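Written out below as structure tokens is the structure these notes cover.
Quick note on labels: first sequence line is chain A, next is B, and so on, each numbered from 1. What you see is a predicted model, and the numbers here were worked out from it, not measured in a lab.
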Number of protein chains: 4
Amino acid sequence: MTAAQNTVIDAGRVAEHNAQQQAALAADYEALGGMLARRGVDIEKLTALAGTFAVAVPSWGVGTGGTRFARFPGRGEPRNVFEKMEDCAVIHQLTRATPAVSLHFPWDRTDDPQALRELAEGYGLGFDAVNSNTFQDQQGQGHSYKYGSLTATAGAVRAQAVAHNIDCIELGKALGSKALTVWVGDGANFPGQHNLRGALERYLDSMRDIYGALPADWLMFIEHKLFEPAFYATTIADWGTSFACATELGPKAKCLVDLGHHAPNTNIEMIVARLAQFGKLGGFHFNDSKYGDDDLDSGSINPFQLFLVFNELADAAQRAKGGDSDFAPAYMLDQSHNVTDPIESLMTSAVEVQRAFVQAALVDRNALRAHQEANDVLQAAQTLKAAYRTDVSAILAMARVRNGGAADPVGCYRAAGYRDGVAERRPAKAGVSGSGIV
Amino acid sequence: MTAAQNTVIDAGRVAEHNAQQQAALAADYEALGGMLARRGVDIEKLTALAGTFAVAVPSWGVGTGGTRFARFPGRGEPRNVFEKMEDCAVIHQLTRATPAVSLHFPWDRTDDPQALRELAEGYGLGFDAVNSNTFQDQQGQGHSYKYGSLTATAGAVRAQAVAHNIDCIELGKALGSKALTVWVGDGANFPGQHNLRGALERYLDSMRDIYGALPADWLMFIEHKLFEPAFYATTIADWGTSFACATELGPKAKCLVDLGHHAPNTNIEMIVARLAQFGKLGGFHFNDSKYGDDDLDSGSINPFQLFLVFNELADAAQRAKGGDSDFAPAYMLDQSHNVTDPIESLMTSAVEVQRAFVQAALVDRNALRAHQEANDVLQAAQTLKAAYRTDVSAILAMARVRNGGAADPVGCYRAAGYRDGVAERRPAKAGVSGSGIV
Amino acid sequence: MTAAQNTVIDAGRVAEHNAQQQAALAADYEALGGMLARRGVDIEKLTALAGTFAVAVPSWGVGTGGTRFARFPGRGEPRNVFEKMEDCAVIHQLTRATPAVSLHFPWDRTDDPQALRELAEGYGLGFDAVNSNTFQDQQGQGHSYKYGSLTATAGAVRAQAVAHNIDCIELGKALGSKALTVWVGDGANFPGQHNLRGALERYLDSMRDIYGALPADWLMFIEHKLFEPAFYATTIADWGTSFACATELGPKAKCLVDLGHHAPNTNIEMIVARLAQFGKLGGFHFNDSKYGDDDLDSGSINPFQLFLVFNELADAAQRAKGGDSDFAPAYMLDQSHNVTDPIESLMTSAVEVQRAFVQAALVDRNALRAHQEANDVLQAAQTLKAAYRTDVSAILAMARVRNGGAADPVGCYRAAGYRDGVAERRPAKAGVSGSGIV
Amino acid sequence: MTAAQNTVIDAGRVAEHNAQQQAALAADYEALGGMLARRGVDIEKLTALAGTFAVAVPSWGVGTGGTRFARFPGRGEPRNVFEKMEDCAVIHQLTRATPAVSLHFPWDRTDDPQALRELAEGYGLGFDAVNSNTFQDQQGQGHSYKYGSLTATAGAVRAQAVAHNIDCIELGKALGSKALTVWVGDGANFPGQHNLRGALERYLDSMRDIYGALPADWLMFIEHKLFEPAFYATTIADWGTSFACATELGPKAKCLVDLGHHAPNTNIEMIVARLAQFGKLGGFHFNDSKYGDDDLDSGSINPFQLFLVFNELADAAQRAKGGDSDFAPAYMLDQSHNVTDPIESLMTSAVEVQRAFVQAALVDRNALRAHQEANDVLQAAQTLKAAYRTDVSAILAMARVRNGGAADPVGCYRAAGYRDGVAERRPAKAGVSGSGIV
């Protein structure tokens, strides 16, 4: 964190917090360092690596989420994109792991993108992929998306949806984004509602128009999802469809993997491996789930799965060194915080994803490869488990402190009283909040 | 339909519609009658049986439903419980299969229950189970249900939720209801959020208070659901928990089966058989689903499953004749109509459930039992399939016509222009509709 | 059935059976014909279409199947491929719907393929796709498939598996087959056991060698499966992987869809639509399932799903008329008959698949398209349901009788005493049967 | 390990192994001790607790398992129950965590139970629950279980199955067992095959007969399973049915939870909490799974879930201190080792279960309760995660070494060359092994 940057939490408070944690952290770090050294691992290399990790934060994630049954708002929710940026700045200030924000239009539309960009830069923040929204009707919109957007049978509806996506690209260009994420809820609630093939043909036609509007250095991410809001047949329901479409569209089109968008029992890390192999892994929406698209905090339900995803990413990165050198999938958190302080959840989740990243780096890949070649299944499995079992908390904390963040982001945040402050400055609006529904 | 009843659709229109359908229906009915006679079945008995079928309609079902992503309202949505009753009256007038309405409080609260009751009686409608709502916060409510209602750690929250349920009983008494359905969304989004056992202990304590307020001739239905709105651990998640709680509470407590509230791959008809065997089958919320609690139209996704449920009900009814004579589970539709006219969906769904009821009556139970005893698996299976395969549409239509309904409810409804009429009489409110979220 | 063909069941018995059923069938057929005529449908066209339907029978399906827990053999199980052909001949004789047999090597290997081919031709049977087997070790085999076959890390194992597949092609050529189906159980039981990407790279290398050995007029079918025998990561686990591999390999490689090989809740008919759209739909293994790869009788668990699959096939066939004229996916039954007489199950299943085929032909596609264009969701759904609800049993029976089959295949088969006869002629071997495990 | 006990692995080798690991283990233990002390936790208490942990080993687990597709035998598989005991002795010698063996009859039947008991005692082993087998037919058996055992429609079949279970009790008495585990595969593959309620009524009748034969100090464990070998409807399919049956049968009947026997997405730890609450938690079959009853090594797929199960057990144990003092569920491993050395897998799995036990003991229950009461969801979740994240490997190793086991059981086992030795002493039989199918 350079001196030029504006801090939301008083820097002195952070320093004070870290000073309190210093002794215990140093002792834990040294103890862990010794354990790793006995396994032939240099803790400093891992700490340096941890310091390079970054995952984007979604602007809509700083508001309280909800379900179709209810939304229970929290205190001090941000009421516009500028206040959202302020919350995102807190997350990055304390974790040093979330230097970019992903916006969602029209929720985050502003008449003054330049002001927004400057505000972000002041916080040391940039803009990740922009997201279009054709799953809701907006006030004053000419056509409804009730029966679909990019796949609608009515040409005027499709044209409206295409135009909105192109508008998102324009906004993104003004903000410095380099990618457009397209998720559509289009699909059918009844057998017969859609001609399944016809719907995908219309989708591809619409997407070709959007693709044509992409700047040369942009990517387009196709996000699939098994179900919801469509409950019988979702047009982009699985990675196979996403992959086939990305292939049809061209090299700038890639696939985005949201951890909660798969059928029960799906081996997600294998999907990651497949997309990496075929050159179509665009990025991730990180979260966790037990049932459906639950959008729970990353690593809160199945942390081993998150590790296994990063194990594939580490494998792919290693392979990329030998050729496929542009392997750089986009990382973003995409969660719905219904019962926690969104800032606390996002900080904790960023650290959980970073944890998996560091644990995957701990895997002894040479040993793993040797066990795999020799069909020593048990030792291959234990090689992964040994890395996963390692408690790298001290590494993550040390990397944060060295980068100017907080040893314990949640503890520091609470001590700083940020939520109380915004609760006062941002009185609740009657009715819905400005944060959208996740 | 007696002369005393008020009709919403002009009776002359219905008669005219039926006259147009008369020749084809009579011919189909005769053809089917011949086919059944060759199998030793008397079509008239089935038609008489079909005429006895009844399933309740949920007041909230006549509004357009939605998802957490969006709600796309339809035209002419009812704005209050009186308008909802009008829509429900149409459904019963044309199908003759939905003589009761299930209300949901506080959505349907009225200061004049007597007027509501008289309106209903004028339409030939009664009131089925009343439903409490502690999964949303209502304006002006003292305590929030954000962290639970009947299971909340705070005693004041639990007391408020208990009081609301008792208030629902009072309202139901005024309307002539005989049962309270209790569904709570209480649960946890994170491991650790709840002490899982403690939450259920508090639930049982709260339920004992409500149970104590039940009139002597009332039942209480416990509705379980796997997930949503809680995404890690739902307190009443499965039939096992529902059964254990109903057993703890006493004989008036029974279990309610919603077809969409189970884990993937669950054999629902077996749960029906189990609850019937152990004397705790209270009733049903009919709908269909492919993924989760999709609340799709009954029979639209897996009609054979619906038939198999009714096959168990027919088995239980037959057994009940020999003793357990109060076997009379409550039937209700519980669906979310997001892309169809709710009245059309409810009429079609009522007929689909009635279809399964009649098909189950077609099963040759003596032959089935003989094949089961002899382990003639293939013929046992084919005995069910033979009944299921039979297209009983002409029976259902004839039963409707004879009872004063429409041969083709949707066709008659469209011809009558009811939706256009209410669209004019019920202008859309800006913002949300009064129909609640399903 | 021409005079030149040998019949297994005495033709006189079949004629006698049909004579007994004649009156009832004629009456049912006339009644149904009238109902269809009132809907504008010509029953004779449907009966003619039904008579063209064909689905292959798997040689291994005529033996009793089992699970990892036990196999409970039946009486008179075939002990070699010649006896299997005899059983298959019965199925085709009575159903007239199964004119081809799919062999599995080495289970069905014979030193005299010419004799086998002549036997088959005598029965009026041909040979469908041949199936290789690298999921079991065979006596005397040089290398074990314990740790994989086409994906094994050891080159010698892969070479052995490739050679076996090429041998299958040679055998198939001698028998008149035109396709090779490749299913491998290869995968991992533990995270870490496989380098997920490395395994697929080796698979593709092996498959390229097999592909190179395909005759010009052959196809290769890639069969995916979610799990079992591998329980953590199956190399060809989903249609996405199958599609990507078929694309890599070339135009002769297509994807095969087994109805039981998908994750829970998967929309299989949409996979069918996707593969048809992208030109890679090779064929089907028909069966039914509730939990996993249960291999139950087709249409016994979810008959509506089977109909929806054929609805997609009818859509694809109609589109193919306008250009993509080689749309001709291969149909095969692939079931495990653990508690029924396999011949009875296969006859019944062939009829169930044929039923779905005829019901799909009943769909009013012009009306469906119009409802879809107009977003009349309810009527679009009802258009499918109207076709599905139609009991076409009389059409299927009439088509069989006209083609020389039995009005009621199971009834005729039982009356003919075939099972008793083979039980006498084929004494049970101690230990395992020659039918292989399904 | 007292001097009186026979060791299978030479004790000197173990000592030598431990000596080699001593320095690193001591250093890791001290480092971890420091980290724990800074969190207010005494490592010695945890190590002492770890030393008390015990989980039974299944006799059938020491043979190589398989699937319905194939079994790939390993070297030196045990050919009878005495050789199985030898393998089990190795597992306990090196892990000091598996002092009991669970036998399966008739697989493990011996004419000389006294000799078997003495052999076991010599190894320091006892006998856990005995298991009956009515899911396979045995040579010379009077009636087949093809159509069910305890639920069969034929009374003679049921009587045979009951008699076998009573025989198992007799054998168990001779060996010192104190419980009978009853798992039946009974169920249906087709709708209609079973009268679902009738089957359970027959089950309960049969079970009452077995229950009546239980000695006063025995328990009976009812094991449910969603599917396989029955693929449509399993009679004891879920915990609800198991619970209802255990309640019907009486206080000696309890429910057994196998981690792989649930529907997808099921929250298993909540089932544990429910059964504990209602006094019916009998015990566990530990393993792991991703898809179905995969029987993978414990903790290999979802280690956090295993921890959460033990978190519930720790909660229940704490509550039991205040009254319900006989809370002592039985722990057993139940896995199928298809691609690993079974001894290695069982040792590793015993340690994984022990790991979860120790991690659960690390949970700060006072803090957890306080966060729960205050609805501080994030900190409640983090309280669990803090315990789970702790790498307690050094504690487990120290507990083993102090109890006479090996610091690294697999390393020590491999160095001792045990598998090579038995491979020589136990030549493979042609055909199937004596280990049964898991």
Side-chain angles (χ1 to χ4, degrees), chain A residues 23-25 27-39 263-267 289-292 294 296-297 299-308 337-341 344-345 347-348 352 355 375-382 384-386 388-394 410-411 414, chain D residues 23-25 27-39 263-267 289-292 294 296-297 299-308 337-341 344-345 347-348 352 355 375-382 384-386 388-394 410-411 414:
Chain A
L25 174 56
D28 283 356
Y29 189 78
E30 191 189 340
L32 177 60
M35 292 163 97
L36 290 172
R38 284 187 286 283
R39 290 156 54 185
N265 301 349
T266 297
N267 186 318
S289 72
K290 186 159 182 66
Y291 304 100
D294 308 332
L296 300 179
D297 284 18
S300 65
I301 301 295
N302 192 343
F304 190 45
Q305 177 181 265
L306 187 60
F307 165 79
L308 292 173
H337 310 107
N338 302 354
V339 290
T340 56
D341 181 322
E344 295 187 5
S345 269
M347 291 194 300
T348 306
E352 284 307 294
R355 181 187 309 277
N375 296 313
D376 189 345
V377 176
L378 190 116
Q379 292 296 49
Q382 288 303 310
L384 288 191
K385 287 301 272 305
Y388 172 69
R389 274 200 294 263
T390 309
D391 184 357
V392 299
S393 301
V410 170
R414 290 188 174 189
Chain D
L25 173 56
D28 283 357
Y29 189 78
E30 192 191 338
L32 176 61
M35 290 163 98
L36 290 173
R38 284 187 286 282
R39 289 155 55 183
N265 301 349
T266 296
N267 186 319
S289 73
K290 186 160 181 66
Y291 303 101
D294 307 333
L296 300 180
D297 284 18
S300 65
I301 301 295
N302 193 343
F304 190 46
Q305 177 181 266
L306 186 61
F307 165 80
L308 292 173
H337 311 107
N338 301 355
V339 291
T340 55
D341 181 322
E344 296 188 3
S345 268
M347 292 194 300
T348 307
E352 284 306 295
R355 181 187 309 278
N375 296 314
D376 188 345
V377 177
L378 190 117
Q379 292 296 49
Q382 288 302 310
L384 288 191
K385 287 300 274 304
Y388 171 69
R389 274 200 295 264
T390 309
D391 184 359
V392 299
S393 300
V410 170
R414 289 188 175 190

Study note, to complete from the structure: Hits for ring-ring contact (aromatic ring centres under 6.0 Å, His included) against Tyr29(A), two or more places apart or cross-chain, chain-then-number order -> none
Review point. Taking NZ, NE, NH1 and NH2 as the nitrogens, is one of them in Lys385(D) or Asp297(A) under 4.0 Å from a carboxylate oxygen of the other?
Key: no
Exercise for review: Taking the side chain as every heavy atom from C-beta outward, state whether Thr340(A) and Gln379(D) have any atom pair closer than 4.5 Å.
Suggested key: no
Review point. What part of Ser393(D) lies closer than 4.5 angstrom to a heavy atom of chain A: side chain, backbone, both or neither?
Key: side chain
Practice item. Name the member of Glu30(D), Arg38(D), Gln382(D) that forms the most heavy-atom pairs with chain A at distances under 4.5 Å. Key: Arg38(D)
Review point. Which bit of Arg389(D) comes within less than 4.5 Å of chain A, counting heavy atoms only: side chain, backbone, both or neither?
Key: both
Review point. What is the minimum heavy-atom distance between Ser289(A) and Gly292(A), and which atoms define it?
Key: CB-O, 3.1 Å
Review point. Partners of Tyr388(A) by ring-ring contact (aromatic ring centres under 6.0 Å, His included), sequence neighbours excluded?
Key: Phe304(A), Phe307(A)
Practice item. Could you tell me whether the side chain of Glu344(A) reaches within less than 4.5 Å of the side chain of Arg414(A), counting heavy atoms only? Key: yes
Revision key, fill the gap. Most contact-rich option vs chain A, by heavy-atom pairs under 4.5 angstrom, among Ala23(D), Ala24(D), Ala27(D), Gly299(D), is Ala27(D)
**Study point:** Structural part of Asn267(A) lying under 4.5 Å from a heavy atom of chain D
**Key:** both
**Study point:** Among Leu32(D), Thr390(D), Ile301(D), Leu384(D), residue most engaged with chain A (heavy-atom pairs, under 4.5 Å)
**Key:** Ile301(D)
Exercise for review: Between chain A and each of Asp341(D), Val392(D), Asn375(D), Asp376(D), count heavy-atom pairs under 4.5 Å; write down the option with the most.
Suggested key: Asp376(D)
Point to revise | Leu308(A) versus chain D, the contacting section by heavy-atom distance below 4.5 Å | key: neither
Point to revise | Interchain contact, Lys290(D) with chain A, by part (heavy-atom threshold 4.5 Å) | key: both
Study note, to complete from the structure: Note: vs chain A, highest number of non-hydrogen pairs under 4.5 angstrom among Gly34(D), Pro264(D), Ala381(D), Ala394(D) is Pro264(D)
Point to revise | Greatest number of heavy atom pairs closer than 4.5 Å to chain D - which of Asp28(A), Val410(A), Thr266(A), Thr348(A) | key: Asp28(A)
Practice item. Between chain D and each of Arg355(A), Gln305(A), Met35(A), count heavy-atom pairs under 4.5 Å; write down the option with the most. Key: Arg355(A)
**Study point:** Heavy-atom contact with chain A under 4.5 Å, split by part of Ser300(D)
**Key:** backbone
Exercise for review: Output the option from Val339(D), Asn302(D), Leu378(D) having the highest count of non-hydrogen pairs under 4.5 Å with chain A.
Suggested key: Leu378(D)
